[in-house]
Amino acid sequence: MISSRTKRVLLILRSYIMFFLLISFVITCCFILFLGTLQANTGLLFTEEDISFAAKITFFNVAFLSLLCTAVDGIRRKITVERPVKRILEATRKITKGDFSARIQPLHIPESMNEFDEIISDFNKMAEELSGIETLKTDFIANVSHELKTPLAVLQNYGEMLCKPNLPEERRLEYAKAIRETTRRFSDLITNILKLNKLDNQQLYPNSESYDLGEQICECLLSFETAIESKNLEVISDIEENIFITLDKELMAIVWNNLFSNAVKFTEANGKIAVCLRQTQTTDKSRTLIEVSVSDTGCGMTAETGKHIFE
């Protein structure tokens, strides 16, 4: 494998030969034209010594000019090509090693940007996107690990209690019901993770159907009945009847379950959760506006956090 130093020497040599041939051709043509014109106008005849001396001088001039052009071209390439490429390669190596904070400073001001500046701008955008994806992936793994541990701990706890001898039938049924509910939530969580993975890979195709939205919201809310009762939360519902929409029912269930889950999780004991569904007429008589709101007396989020809610 040829080293980078050898490649650089070969590149310089190739540039020198290219300039040498080009300048030789140009100067030879000019020299022949000059001698032909001089001889035609003056009638002078040049001896072999004169021609040999002129050829030697011309050769050294060509060699010197070729060397000068090679040096100038090398400096130009180093400033305009090699330095930007080196900076891009260094940042690329950082990205491949997992350092997504790598950024490249633009070479010129916006008014005089060239192709390298465009490449650098696209690289910085790519690095920013990768950094965001890496952060989301890390947060996602941490959150999923936490969410999976919770139902597993509940299942383990109730399983151990079921193993106690002389357990009353009433307690046994209560624990079995709790295990069933926890298993269902565990299954829903895994289903949501699989759907999220399909959505990221653009393999999830919505299956729209017409259904009663109020009925779906009530069903999703009832699935958190155990958690609501355990924290003694007051649920205030204002849900209009006979509101039908045409959407993917399963995907919308994920939305409501996430909202209710957060409301229950972040509301202190003896708090309140309010769920509202209403339909209003818009200025366009052919369309209606359906609004669903979920509010609670929990800690809420800061304004800064709210800016990133849709990320």
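Residues: numbered from 1 along the sequence shown. In this text, all values refer to a predicted model and were calculated from it rather than measured experimentally.
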Participant: Can you tell me how far apart CG (L167) and OH (Y175) are? Round to the nearest 0.5 Å.
Facilitator: 6.0 Å
Participant: If only side-chain N and O atoms count, and only distance matters, is there a donor-acceptor pair under 3.5 Å linking N207 with D248?
Facilitator: no
Participant: Once rounded to the nearest 0.5 Å, what's the spacing between atom CD1 of I236 and atom OG of S295?
Facilitator: 8.0 Å
Participant: Would you find a donor on one side and an acceptor on the other, under 3.5 Å apart, between the side chain of T182 and the backbone of A178?
Facilitator: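 Pair found, side chain donor or acceptor close to backbone of A178.
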Participant: Counting N and O atoms only, with roles assigned by atom type, does the side chain of T183 sit under 3.5 Å from a partner on the main chain of I179, one being a donor and the other an acceptor?
Facilitator: yes
Participant: With rounding to the nearest 0.5 Å, note down the distance linking OG1 in T297 to NZ in K272.
Facilitator: 8.0 Å
Participant: Between K231 and T267 (side chain of the first, backbone of the second, donor and acceptor by atom type, cut-off under 3.5 Å), is there such a pair?
Facilitator: yes
Participant: Tell me, with the steps shown, if E90 and R87 meet salt bridge (Lys or Arg N to Asp or Glu O under 4.0 Å).
Facilitator: CA-CA 5 Å; E90 288 176 352; R87 291 167 63 178; over 6 Å; no
Participant: Heavy-atom count check: over 12 atoms from other residues, nucleotides or ligands less than 6.0 Å from E240 CD?
Facilitator: yes
Participant: What are the two closest heavy atoms between I95 and F100, and how far apart are they?
Facilitator: CD1-CA, 3.9 Å
Participant: Under the 4.5 Å side-chain heavy-atom rule for ILVMFWY, direct or indirect, which residues accompany M252?
Facilitator: Y211, L213, I217, L221, F224, I228, L233, V235, I239, I243, I245, L247, V255, W256, L259, F260, V264, I273, V275, L277, I290, V292, V294
Participant: Under a 4.0 Å threshold between the charged nitrogen and the carboxylate oxygen, would E174 count as salt-bridged to R171?
Facilitator: yes
Participant: Between E304 and K307, does a salt bridge (Lys or Arg N to Asp or Glu O under 4.0 Å) hold up when you go through it step by step?
Facilitator: CA-CA 5 Å; E304 182 62 29; K307 293 179 182 179; 3.6 Å; yes
Participant: Taking all non-hydrogen atoms of both residues into account, name the closest pair between G306 and M301 and its distance.
Facilitator: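 Shortest heavy-atom contact: CA-SD, 3.7 Å.
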Participant: Please check if atom CD in E250 has more than 12 non-hydrogen atoms from other residues, nucleotides or ligands closer than 6.0 Å.
Facilitator: no
Participant: Is the backbone of K249 close enough, under 3.5 Å, to the side chain of Q216 for a donor and an acceptor to pair up by distance?
Facilitator: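 The answer is yes, because a donor-acceptor pair under 3.5 Å joins these two groups.
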Participant: For atom CD of Q105, is the number of surrounding heavy atoms from other residues, nucleotides or ligands below 6.0 Å larger than 12?
Facilitator: no
Participant: Please check: side-chain N/O of S230 versus main-chain N/O of A227, any donor-acceptor pairing under 3.5 Å?
Facilitator: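 Side chain of S230 to backbone of A227: a pair is present.
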Participant: Looking at CG of L152 and CG of N157, how far apart are the two atoms once the value is rounded to the nearest 0.5 Å?
Facilitator: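 Answer for the CG-CG pair, L152 versus N157, is 12.5 Å.
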Participant: Look at the side-chain heavy atoms of Ile, Leu, Val, Met, Phe, Trp and Tyr, link any pair under 4.5 Å apart, and say whether I120 and L89 land in one connected group.
Facilitator: yes
Participant: Which heavy atom in A91 sits nearest to a heavy atom in A102, and how many Å separate them?
Facilitator: O-CB, 3.9 Å
Participant: Stepwise, does the side-chain contact (heavy atoms from CB on, under 4.5 Å) test hold for M161 with Y158?
Facilitator: CA-CA 5 Å; M161 288 191 294; Y158 281 113; 3.2 Å; yes
Participant: For side-chain contact (heavy atoms from CB on, under 4.5 Å), just list the numbers for E129 and M126, CA-CA rounded to whole Å, side-chain angles, deciding distance to a tenth of an Å, and then say yes or no.
Facilitator: CA-CA 5 Å; E129 290 292 331; M126 178 197 70; 5.7 Å; no
Participant: How many angstroms lie between atom CZ of R93 and atom CG of D99, to the nearest 0.5 angstrom?
Facilitator: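 R93 atom CZ to D99 atom CG measures 14.0 Å (nearest 0.5 Å).
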Participant: Nearest 0.5 Å, please: how far is CG in L155 from CZ in F186?
Facilitator: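 Answer for the CZ-CG pair, F186 versus L155, is 7.5 Å.
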Participant: Can you tell me if S208 uses its side chain to pair, donor with acceptor, with the backbone of T246 under 3.5 Å?
Facilitator: no
Participant: Counting only heavy atoms not in K86, do more than 12 fall under 6.0 Å of its NZ?
Facilitator: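 Counting other residues, nucleotides and ligands, NZ of K86 stays at 12 neighbours or fewer.
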